[in-house]
Amino acid sequence: MIGLMSGTSLDALDIAYVTFDFTSSPTVEFKLIQAESIPYPATLERQLRDATSLASPDLFELHHQLGIYYAQQVEAFIEKHRLPKQEIDAIASHGQTIFHQPERGFTVQIGCGATLAYTCQLPVISDFRSLDVIAGGQGAPLVPIGDLQLFHNKADAFLNLGGFANISFQQQSKVVAYDLCAANLPMNLWMQAIGKNYDKDGELAQQGQVNEVVLAQLNQLDYYQQSGPKSLGSEWLSQNYLPHFESLNLADKLATHIAHCAHQIACQVPKSCQKILVTGGGAKNPLLIKALQHACKAELLIPDEQLIDFKEALIFAFLGARHLRGESTTIESVTGASKALCTGVLHQHF
């Protein structure tokens with residue numbers, strides 16, 4: 001299986017080629033054979049970042065263009081690594097989230113699956129979130145089923161520090177998972193405003209001071225008072241989160257955000273949790289990890305760089321494999337849907 005993942009931070013398209021052994025139990029064995037992270041061209045990144053303001057015809061055109069771009073990158077990936085195309089069962093593509101408003105009954109990920117399938121001449125599974133939203137769920141998070149079946153023997157909880165931070169863990173034999181708070185996305189947006197992609201190693205944040213007034217305001221946001229299942233999107237970030245930072249200089253924005261992120265994550269880690277597996281780009285931010293370890297009693301496990309970077313692409317490949325097997329790709333206690341569902345739309349290549 002090939003898994004494609006592109007998160008809200010828009011830092012890159014992640015591609016992973018993975019094989020799975022479903023005969024093992026209780027953990028599904030896997031081999032992450034090849035993986036690559038491909039930064040978006042500046043023009044395409046800008047188009048995706050501005051996509052929420054596009055007129056409908058322009059958004060559908062971008063949907064098609066992104067499908068072509070995905071196909072080009074997958075074909076180059078297959079050729080570069082000399083992968084046996086005839087052994088690739090399908091491509092499982094997350095797509096790029098543009099709108100996520102499950103309370104209004106919709107979530108939109110672009111990157112046309114039909115275009116990708118036809119161009120690559122491989123089956124494609126895309127649109128993994130919509131069916132869950134239709135069934136009353138959040139359409140997110142989807143990664144916990146992979147955490148549970150691929151990594152459950154490594155840690156008690158699984159924290160992903162992507163554009164948003166999300167966590168999954170088991171509590172009284174029930175899987176609990178939800179978005180915790182914003183993570184990399186605000187920092188990347190602020191750094192991009194000065195021509196940089198991100199705050200390398202948290203160097204600028206270390207020069208800032210935490211603004212206690214803003215920190216207190218952030219911790220009172222309505223989202224944190226809600227119980228799960230719940231999820232966050234870029235709309236929430238722009239409307240409810242970012243305005244609190246407008247009076248701060250850049251270094252203080254970064255420092256205050258990191259303090260807030262560490263606090264919110266630590267508050268929501270179960271007291272019984274002893275080990276947390278941390279992945280996503282934020283796992284490479286030493287200042288964020290230091291703040292989180294200071295705030296959190298559990299031990300933070302930082303895996304090898306390949307797993308940090310590609311766990312979500314790997315798990316989307318896993319969701320694709322489960323879809324082909326007719327198995328559920330969601331957990332109802334996680335998303336809040338009426339039941340576990342085999343989500344995703346299969347596009348044949350003929």
Side-chain angles (χ1 to χ4, degrees), residues 7 9 26-28 30 138 140-187 201-202 205-206 210 215-216 218-219 221 223-232 254-312 314-315 331 333-335:
S9 57
T27 303
V28 175
F30 70 89
Q138 291 287 305
L142 297 181
V143 166
I145 196 168
D147 289 335
L148 184 68
Q149 298 210 7
L150 302 177
F151 304 106
H152 84 280
N153 58 347
K154 295 184 180 294
D156 306 306
F158 305 90
L159 174 66
N160 182 66
L161 298 173
F164 295 96
N166 53 65
I167 195 168
S168 65
F169 54 88
Q170 277 195 286
Q171 196 169 56
Q172 299 175 343
S173 73
K174 176 182 172 183
V175 181
V176 177
Y178 52 91
D179 286 343
L180 297 165
C181 58
N184 299 333
L185 188 52
M187 297 189 286
D201 295 331
Q206 293 182 55
V210 175
L215 186 62
L218 296 173
N219 287 329
L221 289 172
Y223 181 80
Y224 305 129
Q225 319 312 318
Q226 301 169 17
S227 57
K230 56 182 181 176
S231 60
L232 291 168
L254 294 164
T256 303
H257 169 71
I258 284 177
H260 170 71
C261 186
H263 172 76
Q264 283 300 325
I265 292 170
C267 283
Q268 298 175 77
V269 170
K271 292 181 180 179
S272 60
C273 180
Q274 296 183 345
K275 294 182 178 181
I276 305 173
L277 184 69
V278 185
T279 55
K284 298 179 181 181
N285 185 325
L287 188 63
L288 176 56
I289 294 302
K290 182 180 179 181
L292 183 55
Q293 187 63 85
H294 179 74
C296 190
K297 293 181 179 180
E299 178 187 359
L300 303 183
L301 305 178
I302 311 296
D304 63 72
E305 191 166 3
Q306 190 180 53
L307 193 55
I308 288 175
D309 290 340
F310 297 107
K311 192 184 83 163
E312 288 197 307
L314 185 164
I315 288 180
I331 303 172
S333 65
V334 167
T335 68

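Below, all heavy atoms of this structure are taken into account, side chains as well, without hydrogens, waters or symmetry copies.
Considering all non-hydrogen atoms of both residues, Pro270 and Gln171 come closest at CB-NE2, 4.4 Å. Looking at every heavy atom in both residues, Cys273 comes nearest to Lys275 through SG-O, 3.6 Å. Annotation for Ala298 and Gln293: closest pair O-NE2, 2.9 Å, computed over non-hydrogen atoms. Scanning all heavy atoms of the two residues, the minimum distance from Ala262 to Ala295 falls at O-CB, 4.0 Å. Nearest heavy-atom pair, Val210 versus Ala259, reported as atom, atom and distance to 0.1 Å: CG2-CB, 3.9 Å. The heavy-atom pair separating Gly163 from Pro186 by the smallest distance is O-CD, 4.3 Å.
Between Ile265 and Ile276 the shortest side-chain heavy-atom distance does not fall below 4.5 Å. By the 4.5 Å heavy-atom criterion applied to side chains, Val175 and Ile145 are not counted as neighbours. Contact annotation: the side chain of Leu150 never approaches that of Lys311 to less than 4.5 Å [non-hydrogen atoms, C-beta and beyond]. By the 4.5 Å heavy-atom criterion applied to side chains, Pro303 and Ile308 are counted as neighbours. The closest side-chain heavy-atom distance from Leu288 to Leu161 is below 4.5 Å. Put simply, the side chain of Ile315 reaches to within 4.5 Å of the side chain of Asp147, judged on heavy atoms. Inter-residue side-chain proximity for Asn219 and His263 is flagged as met; some heavy-atom pair is nearer than 4.5 Å. Under the 4.5 Å side-chain criterion, counting only non-hydrogen atoms from C-beta, Asp156 is in contact with Gln274.
We find the CG-NE2 distance between Asn184 and His257 to be 7.0 Å, quoted to the nearest 0.5 Å. Atom NZ of Lys284 and atom CG of Asp309 lie 3.0 Å apart (nearest 0.5 Å). Distance check: Cys261 SG to Leu292 CG gives 7.5 Å after rounding to the nearest 0.5 Å. The SG atom of Cys296 lies 10.5 Å from the CD1 atom of Ile289; values are rounded to the nearest 0.5 Å. Atom CG of residue Asn160 and atom OG1 of residue Thr279 lie 4.0 Å apart, to the nearest 0.5 angstrom. The line from OH of Tyr178 to CD1 of Ile167 is 7.0 Å long, rounded to the nearest 0.5 Å.
Although no hydrogens or angles enter the test, the distance criterion places no donor-acceptor pair under 3.5 Å between the side chain of Gln264 and the main chain of Leu180. Without hydrogens or angle criteria, Asp179 side chain to Pro141 main chain gives no donor-acceptor distance under 3.5 Å. For Lys230 (side chain) and Tyr223 (main-chain N/O), a donor-acceptor pair under 3.5 Å exists by modelled atom type.
Within 6.0 Å of CD on Gln225 lie more than 12 heavy atoms contributed by other residues, nucleotides or ligands. Summarising the local packing, NZ of Lys290 is surrounded by 12 or fewer heavy atoms from other residues, nucleotides or ligands at distances under 6.0 Å.
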Point to revise | Chi angles and distances behind the side chain to side chain contact (heavy atoms under 4.5 Å, CB included) call for Ser272, Phe169 | key: CA-CA 11 Å; Ser272 60; Phe169 54 88; over 6 Å; no
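Between Phe151 and Phe158, the ring-plane angle classifies as tilted under the 30° and 60° cut-offs.
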